[in-house]
Amino acid sequence: MDHSPATEPAPVLNFIEQIIEEHNLSGKYGGRVHTRFPPEPNGYLHIGHAKSICLNYGLAEKYHGKFNLRFDDTNPVTEDTEYVDAIREDVQWLGARWDDREFYASNYFDQLYAAAVQLIKNGKAYVDDSTAEQIAEMKGTPTKAGIDSPYRNRSIAENLSLFEQMKNGDFEEGTCTLRARIDMASPNMHLRDPIIYRIKKAHHHRTGDQWCIYPMYDFAHGISDSIEGITHSICTLEFEVHRPLYDWILAELGNYQPQQIEFARLNLNYTVMSKRYLKRLVTEGYVKGWDDPRMPTVCGLRRRGYTAEAIREFARRVGVAKRENVIDLSLLEFCVREHLNKTAPRVMAVLDPLLLTISNYPENHTEWLAAENNPESPESGTRQLPFSQTLYIERDDFMENPPKKYFRLYPGGMVRLKNAYIIRCDEVLKDASGKVIELRCSYIPESKSGEDTSGISVKGTIHWVSVAHALSAELRAYDRLFKDEDPMAKDNFLDSLNPDSLTVSKIWVEPSLSNTQAGDRFQFIRKGYYCTDQDSQPGQLVFNQTVGLKDSWAKETNKR
RNA sequence: UGACCGAUGGUGUAACGGUAGCACUGCAGAUUUUGGUUCUGCCUGUCCAGGUUCGAAUCCUGGUCGGUCAACCA
């Protein structure tokens with residue numbers, strides 16, 4: 001038998017880490033790791049971007065490398081500083097740090113232009129006067145080779161002069177483009193003389209009206225990576241077929257060459273994950289904005305009460321691979337619960353009140369009871385809770401004809417009021433329609449929480465608030481935005497919208513919440529995790545439901 | 001009728017020629033002044049067919065299925 005000391009469990013590396021470690025071993029990048037997150041500022045970041053940020057930043061951190069934030073702003077007609085600001089805030093909030101390395105593809109417009117000129121001089125690029133339709137026509141199809149443009153063999157001098165005229169604004173938009181001269185018969189469509197510069201007489205949010213030609217993604221991206229000394233240029237799977245072009249451009253230019261690596265983007269069931277569709281939800285008013293708590297955007301999740309820690313943990317748990325995947329929403333929820341369970345202070349809130357009067361408790365008397373702030377972290381201390389004769393309890397914590405295993409209140413039954421006394425339900429009062437409107441109970445004076453000498457043990461503990469002391473508040477409860485696991489499988493994803501994704505109600509919360517600030521997170525005991533919304537004000541409190549607690553009783557009742 | 005990529009429980013992800021493991025979900029139980037947490041146990045998997053090998057999730061061949069590619073978007 002081998003009794004050698006237990007070996008460390010082999011660290012589990014994802015395939016990108018394996019590539020990096022191979023590079024570190026071979027010395028390909030001199031042991032350097034430098035990643036980047038390259039958003040286009042034309043929309044808000046979503047949880048899929050968060051995965052990418054965590055991946056890129058996490059790799060830089062793990063290998064003691066660097067991480068750049070680079071805005072891929074090569075299309076001035078769709079981009080805006082509003083998005084730049086929002087993206088910067090989200091990346092920062094997620095915990096990624098880019099120090100002074102905040103870059104813009106537009107910073108490189110001069111270098112990009114020079115690179116294009118060099119390509120022309122090398123006979124590797126030409127100005128094409130064909131229309132967009134003609135170019136598409138000559139491009140062929142995935143199964144049919146393309147044909148050469150009639151402008152493909154212009155002289156270098158002519159191309160140089162034409163390209164300069166393009167830059168000078170001598171031509172109208174759409175009249176010509178600069179194309180890389182590669183291979184119109186390539187099985188890879190992206191190598192069939194891709195357009196690398198086009199004319200756009202648009203105002204750019206950073207360079208203003210300085211340029212009227214703008215580089216295309218394929219041309220700008222690799223060169224930007226190269227300029228910044230990126231080692232591992234990580235992107236999603238659909239760019240796999242772009243990699244030969246990425247490599248071709250840098251090789252033709254003789255420039256430093258990062259390694260592009262593609263991984264499978266994150267998909268979540270019951271949600272859509274494309275900027276285009278998220279934008280429609282916002283602009284067409286199906287949600288209240290990019291930060292609507294039902295949105296899978298980073299700002300939406302933040303407003304919903306998700307923590308950056310939870311999102312990072314989620315990104316870690318979903319893993320990195322090349323296989324298409326759909327992650328269960330339950331994993332995301334698990335990650336927030338896990339973090340909030342450890343960190344969120346417990347408070348009592350009654351969401352659907354039922355009046356309860358304690359007949360044998362002195363009228364107009366207030367007793368202050370100590371309540372633990374968080375049993376998961378004793379150092380979080382205790383607070384004082386007002387108790388009195390008249391309380392609200394949760395309506396579904398009472399049943400007139402309880403099923404087996406129901407251990408809340410019922411006529412003649414006993415429960416403990418959390419942090420207070422054990423009570424017995426003596427009488428049920430109803431209105432004319434038969435609806436229960438009040439419970440008359442008696443309490444056991446010796447059963448006070450923490451000093452119970454009654455000897456009575458009860459199965460159930462329920463939460464409550466004192467009517468005279470409770471604060472009313474608005475609750476915004478959320479359900480999934482879409483009814484179907486894959487809304488995109490519908491002809492129109494809007495048909496899948498869940499009409500009940502938002503429920504607003506009036507609730508009662510304990511008075512310690514009077515000064516809560518936007519972003520504060522709580523566990524409403526026995527209910528779920530909630531956070532104070534930015535719309536909240538003293539006297540007009542507003543809470544968002546982040547996620548419910550696991551509810552095994554609900555499962556039990558559903559089985560019936 | 002092309003090229004490229006991929007395929008391991010319900011969902012993800014490991015195992016790198018040597019006992020298919022982990023997490024989420026689900027189920028059962030213990031503990032509990034939250035039907036929460038925590039703890040324990042259980043269910044469920046290598047796309048198919050050949051081949052190489054003492055031995056294949058892993059290597060080879062051929063299928064099947066899924067994804068991507070024909071924007072002057074990124």
Side-chain angles (χ1 to χ4, degrees), chain A residues 10 12-14 18 38-40 42-43 72-75 77-79 105 128 130-132 135-137 139-146 173-179 186-190 192 195-200 213-214 216-218 220-221 235-244 262 264 269 275-276 317-335 337-338 341-342 346 348 372 375-376 405-408 415-420 422 447 449-450 452 457-463 523-528 548-557:
Chain A
V12 175
L13 302 181
N14 63 48
Q18 289 180 24
E40 183 189 12
N42 69 345
D72 217 334
D73 55 350
T74 56
N75 185 2
V77 308
T78 58
E79 297 155 5
D128 193 330
S130 306
T131 63
I135 288 177
E137 181 67 26
K139 200 140 207 162
T141 70
T143 56
K144 197 184 88 206
E173 272 185 34
T175 54
C176 57
T177 55
L178 183 71
R179 293 230 255 166
S186 170
N188 183 338
M189 298 290 292
H190 296 277
R192 319 241 268 227
I195 293 171
I196 58 177
Y197 257 98
R198 78 295 211 184
I199 299 169
K200 273 192 192 295
I213 56 172
Y214 292 92
M216 297 286 286
Y217 165 85
D218 284 305
H221 201 87
C235 60
T236 46
L237 250 30
E238 67 268 28
F239 291 101
E240 209 151 19
V241 283
H242 294 240
R243 181 162 20 100
E262 311 86 12
N269 54 12
K275 266 197 268 187
R276 184 175 149 219
R317 283 176 182 256
V318 297
V320 183
K322 298 191 72 158
R323 145 172 52 161
E324 297 288 335
N325 61 80
V326 182
I327 307 293
D328 253 51
L329 208 50
S330 63
L331 181 63
L332 219 209
E333 296 182 339
F334 169 83
C335 293
R337 286 199 192 99
E338 184 185 46
N341 175 51
K342 294 194 186 82
R346 272 56 170 172
M348 294 217 267
E372 219 176 0
E376 299 295 317
K405 291 200 282 184
Y406 181 84
F407 43 83
R408 278 116 96 152
V415 293
R416 173 174 292 281
L417 294 172
K418 176 80 179 169
N419 296 126
I422 293 174
S447 67
S449 196
D452 185 347
S457 78
V458 292
K459 197 86 162 119
T461 299
I462 64 173
H463 60 276
Q523 182 195 101
F524 289 178
I525 284 187
R526 300 208 307 134
K527 283 295 169 186
L549 249 29
K550 281 216 302 203
D551 188 349
S552 48
W553 175 246
K555 280 179 194 161
E556 187 70 25
T557 53

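Below, all heavy atoms of this structure are taken into account, side chains as well, without hydrogens, waters or symmetry copies. What you are looking at is a predicted structure, and each value in this text was computed from that prediction instead of being measured. Each chain gets a letter, A, B and so on, in the order its sequence line appears, and its residues count up from 1.
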If only side-chain N and O atoms of [X] are considered, is one of them under 4.0 Å from the OP1 or OP2 phosphate oxygen of [N]?
| X | N | answer |
| --- | --- | --- |
| Lys555(A) | C27(B) | yes |
| Lys200(A) | C73(B) | yes |
| Arg337(A) | U37(B) | no |
| Thr461(A) | G35(B) | no |
| Lys275(A) | A74(B) | no |
| Arg198(A) | A74(B) | yes |
| Thr74(A) | A74(B) | yes |

Select base, sugar-phosphate, or nothing to describe what [X] touches, counting heavy atoms under 4.0 Å on all strands.
| X | answer |
| --- | --- |
| Asn269(A) | nothing |
| Gln18(A) | base |
| Ser130(A) | base |
| Phe407(A) | base |
| Ser552(A) | sugar-phosphate |
| His190(A) | sugar-phosphate |
| Asn75(A) | sugar-phosphate |
| Tyr214(A) | nothing |
| Ala132(A) | base |
| Pro375(A) | base |

Proximity to the side chain of [X] - top-ranked nucleotide from [options]:
| X | options | value |
| --- | --- | --- |
| Arg317(A) | A71(B), U37(B), A23(B) | A23(B) |
| Glu240(A) | G36(B), C24(B), C4(B) | C4(B) |
| Asn341(A) | U34(B), U37(B), A71(B) | U37(B) |
| Ser330(A) | U11(B), A74(B), C24(B) | C24(B) |
| Met216(A) | C5(B), C24(B), C72(B) | C72(B) |
| Tyr406(A) | C72(B), G36(B), G35(B) | G35(B) |

- Message: Do the side chains of Arg346(A) and Glu372(A) get close enough for a salt bridge, i.e. N-O under 4.0 angstrom?
- Response: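 No.
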Check this for me: does the side-chain of [X] come within 3.5 Å of the base of [N] through a donor and an acceptor?
| X | N | value |
| --- | --- | --- |
| Glu376(A) | G36(B) | yes |
| Ser449(A) | U33(B) | yes |
| Arg526(A) | U34(B) | no |
| Gln523(A) | U34(B) | yes |

Identified side-chain hydrogen bond (donor to acceptor under 3.5 Å, both in side chains) partner of His463(A) from the options Lys418(A), Arg526(A), Lys527(A)
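Output: one option passes, namely Arg526(A).
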- Task: Pull out every stem in RNA chain B, meaning runs of 3 or more consecutive Watson-Crick or G-U wobble pairs with both distances under 3.5 Å.
- Result: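 So far as stems of 3 or more pairs are concerned, RNA chain B shows B:2-7 with B:64-69, B:10-13 with B:21-24, B:26-30 with B:38-42, B:47-51 with B:59-63.
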Which word best sums up how the rings of His242(A) and Tyr217(A) line up, parallel for under 30°, tilted for 30 to 60°, or perpendicular for over 60°?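 Perpendicular: the ring planes of His242(A) and Tyr217(A) meet at over 60°.
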task: Write down the distance between CZ (Arg408(A)) and C1' (U34(B)), rounded to a whole number of angstrom.
output: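 Arg408(A) atom CZ is separated from U34(B) atom C1' by 11 Å.
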A74(B) base stacked by Tyr217(A) (centroids within less than 5.5 Å, tilt under 30°):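 So Tyr217(A) does not count as stacking on the base.
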ask   = Taking C-beta and beyond as the side chain, do Asp72(A) and Pro39(A) meet within less than 4.5 Å on heavy atoms?
value =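 No; the side chains remain at least 4.5 Å from each other.
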